[in-house]
4 protein chains.
Amino acid sequence: MSKSRVQPLKQPSQQRSKLTVQAILEAAIHVFDEFGYAAGTTSRIASRAGVSIGSLYQYFPNKDSILTALAEQHMAEVLALSVRLLETLRTSTQALEPVLHDIVGHMIALHENNPGLHKLLYEEGLLPAQLRQTAKQAEQFLIEEVGRCLSLRPDVAAVADRQLQAYFVVHAIEHFTHRLVIDRAPMEFQLRGKAELVSMLQRYLRA
Amino acid sequence: MSKSRVQPLKQPSQQRSKLTVQAILEAAIHVFDEFGYAAGTTSRIASRAGVSIGSLYQYFPNKDSILTALAEQHMAEVLALSVRLLETLRTSTQALEPVLHDIVGHMIALHENNPGLHKLLYEEGLLPAQLRQTAKQAEQFLIEEVGRCLSLRPDVAAVADRQLQAYFVVHAIEHFTHRLVIDRAPMEFQLRGKAELVSMLQRYLRA
Amino acid sequence: MSKSRVQPLKQPSQQRSKLTVQAILEAAIHVFDEFGYAAGTTSRIASRAGVSIGSLYQYFPNKDSILTALAEQHMAEVLALSVRLLETLRTSTQALEPVLHDIVGHMIALHENNPGLHKLLYEEGLLPAQLRQTAKQAEQFLIEEVGRCLSLRPDVAAVADRQLQAYFVVHAIEHFTHRLVIDRAPMEFQLRGKAELVSMLQRYLRA
Amino acid sequence: MSKSRVQPLKQPSQQRSKLTVQAILEAAIHVFDEFGYAAGTTSRIASRAGVSIGSLYQYFPNKDSILTALAEQHMAEVLALSVRLLETLRTSTQALEPVLHDIVGHMIALHENNPGLHKLLYEEGLLPAQLRQTAKQAEQFLIEEVGRCLSLRPDVAAVADRQLQAYFVVHAIEHFTHRLVIDRAPMEFQLRGKAELVSMLQRYLRA
DNA sequence: AATGAATGAGGCTTCATTCAT
DNA sequence: TATGAATGAAGCCTCATTCAT
């Protein structure tokens, strides 16, 4: 509202910058996914992005910062999804199982592409301390929220330490979601695995 | 005659070699644990081992082979422990919970030291294809054995796909074991986590 | 508009690249000539070229490829010269001796600089198999052409095996050419040697 | 004379030393022949000789000295052979051709084994300056002797510079001898080549 | 801003040589 | 004297990053 649309004339540079940054991140996703972090060289990323190495360094101060940006992007997605799913969990009147199925399904969908990258992001100790800190805080927030939701549902057993339970739920979902995706198991196994994960969670949680 | 035979006169050279190899592996454990694989340089390993870089390469053809040796060593330990634990699982007449407690406890103990290294070993795609193959076979064997044991126990629910169940059990133990150790949570949390893991497994499995 | 077009506006980058490559090859010639292949290290070449080691590897994938480039360059020169000389041999109506003198003179001139390098190129088994193959084929072609030329001249004796004769001619020229240059004999000796080589060839060939 | 032969009792060590040295040189011949100088490592030589690397360095101060010893050995053989052949050349009343045939045949025979080694010895600039000096002197001596012999034969043309002629004879024999042997040409070609070499020399020399 | 050539620290590895046993 | 483990200088090469154009 504040900015009038009178001058569409200028800002091509900012526009272009964004495109370039996007192209680089896009390229980085594929390169890291395919080659891993160490072998995913900056020049590979630049050339895949169709951009010169110099331009890459115009937008990212160093290699780490590219991974960091990717991680932040992914964290945002996960958080956004989580918020939506929590909402479902909170408001849904369905039985536990279909809700869990929905959650797991969405989580798998989110990690289905570029599993190699997600492996990097979650498993290798590459992220800078600060971001790791942030991630932990987000996780902590998520765990707390999940804990609250679980407490609200009558079909979930009462437990002494709700936080701990939520911790296990969150990590079980995270881990097996990755596993199923990363192991590149045949689709048939992935489907059965998904069902079994839901089953495990359900048995773990049910009243 | 001059030299007393109290210490059996073993070939000093072989003795010394073994010590050197041990020192290198020992150092590699710590260096990889602390710096990760990429930043765990061979010269760091050598110098931490108190050995020249030349000696390192006298016993290991390249950097990879050091990690491989560590992996093989660890796999052997895991396998040996697994065999013992399976035996317990099979023969024990105890309730499920204490048996699971025992298993989880031993597994945590095995990974308690040098969690960073175990992360490398399990998570990063660094191991040579052949070893990864071997590891997968060992895991498959373990899963099958676990499946068999579960089938034998009357206190474990009958399920349609025992293999899948065993897969989840094995991986849940593996993952949370690492998690608890890697997160370097306070001991108090680790203890509660251990109990909760057992609880989760028990609920998942119980008839 | 502001910039005059006196100097055609060629891409400065490509220009610069070419200069760098030239500088590296130039330096390599001198370094290999002076130190031989083993002691002619890449960093010596780079520093003599006034270029960083990184630049060297930007244009040559490895040390071998530098020598290979030099060899290809030299082969091209030799071939070009040979073609010209063959033409002379074919068309000249002069007596054999002055023609031979001309040939030998040109060959010596071609090898006069950097004899150490030519030694490497011809004598040590350093060239990659493929290039050696090519060189052999070029030599074979040359021998055949020389054979044909010899057959055409009435002042050359008829012989049973023209190819073999040509083989000896080519190698005698090649060898003594190198010899005279490599032995770094005093100029006076080189001149007499040149004459004697011609004399030997003439006696060998004359009808 | 000075040392009485009364005590054959001691010197087993000297005896053994000689054997060891011989074994090392023998091994070095094969290793250099097969791998060349750079890749013919001292430990390869030692192990092929069935001797520890330490022992090798007991008898040879460094790697170069092994090659030097080999070169000296070969030079001695060449010289001894040359002396015998010169004698023949001097005293023989045969025609030039059979004498040359004999000479070339013997020279080829001397280089037939381990051509790779001879390539090293003659072609690569590996020999220490001092030895190269010695070799040159020996060659000079040989050339002079050959020159003298040629002068004595009535079937050899009188020439202005006998030394130069001898230089060409000696080097032509040396070079083509190596070529025929090193190129590992098929035996059939080697035979024809040998005949052609003799032919070339004969035409070069004949009155 | 964009380009890509240039940089050089630093990693892995080899191998001649030394030295403790 | 023999052994072979240990040494470490030095070579090749990579790749994140800088900088001239």
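Below, read A as the first sequence line, B as the second, and so on, with proteins coming before strands; counting in each chain starts at 1.
Applying the side chain to side chain contact (heavy atoms under 4.5 Å, CB included) test to Thr20(D) and every residue at least two apart in sequence or in another chain returns Arg16(D), Ile24(D), Val51(D), Tyr59(D). Taking Ala38(B) as the reference, nothing meets the side chain to side chain contact (heavy atoms under 4.5 Å, CB included) condition, with sequence neighbours excluded. The side chain to side chain donor-acceptor pair (under 3.5 Å) check on Asp64(D) picks up Tyr37(D), with sequence neighbours excluded. Scored by the side chain to side chain donor-acceptor pair (under 3.5 Å) test, Thr42(C) finds no partners at all (sequence neighbours excluded). With sequence neighbours excluded, no residue satisfies side chain to side chain contact (heavy atoms under 4.5 Å, CB included) with Gln58(D). With sequence neighbours excluded, the residues that form a side chain to side chain donor-acceptor pair (under 3.5 Å) with Ser52(D) are Ser55(D). Contacts of Glu26(A) classified as side chain to side chain contact (heavy atoms under 4.5 Å, CB included), with partners at least two apart in sequence or in another chain: His30(A).
The nearest whole Å value for the distance from the CZ atom in Phe60(B) to the P atom in dA6(F) is 12 Å. Summarising the geometry, the separation between OH on Tyr59(A) and C1' on dT17(F) is reported as 18 Å, rounded to the nearest angstrom. The interatomic distance linking Leu19(C) (CG) with dA6(E) (C1') rounds to 14 Å, in whole Å. The CD1 atom of Ile66(B) sits 11 Å away from the C1' atom of dC12(E) (whole-angstrom rounding). Per the geometry, NZ belonging to Lys18(A) stands 14 Å off P belonging to dA1(E), to the nearest Å. Atom CG in Asn62(A) sits about 17 Å away from atom P in dC15(F), given to the nearest Å. Rounded to whole Å, atom C1' of dC15(E) lies 15 Å from atom CZ of Phe35(D).
Under the 3.5 Å distance criterion, the side-chain polar atoms of Arg44(A) are left unmatched by any main-chain donor or acceptor of Ala28(A).
Classified by interplanar angle (parallel below 30°, tilted 30° to 60°, perpendicular above 60°), the ring pair Tyr122(D)/His74(D) is perpendicular.
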Taking Watson-Crick and G-U wobble pairs with both distances under 3.5 Å, convert DNA chain F into its dot-bracket string, 5' to 3', dots for unpaired and | for cross-strand pairs.
-> .||||||||||||||||||||
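Between Tyr57(B) and the phosphate of dT14(E), there is no side-chain N or O to OP1/OP2 separation shorter than 4.0 Å. Taking side-chain N and O atoms only, Arg16(C) has a distance below 4.0 Å to OP1 or OP2 of dA6(E).
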Are there any protein N/O atoms within less than 3.5 Å of an N/O atom in nucleotides 7-11 of chain F, and if so, which ones and at what distance?
residue, atom, partner, partner atom, Å
dT7(F), OP2, Ser52(B), N, 2.8
dT7(F), OP2, Ser52(B), OG, 3.2
dT7(F), OP2, Ser55(B), OG, 3.3
dG8(F), N7, Gly54(B), N, 3.3

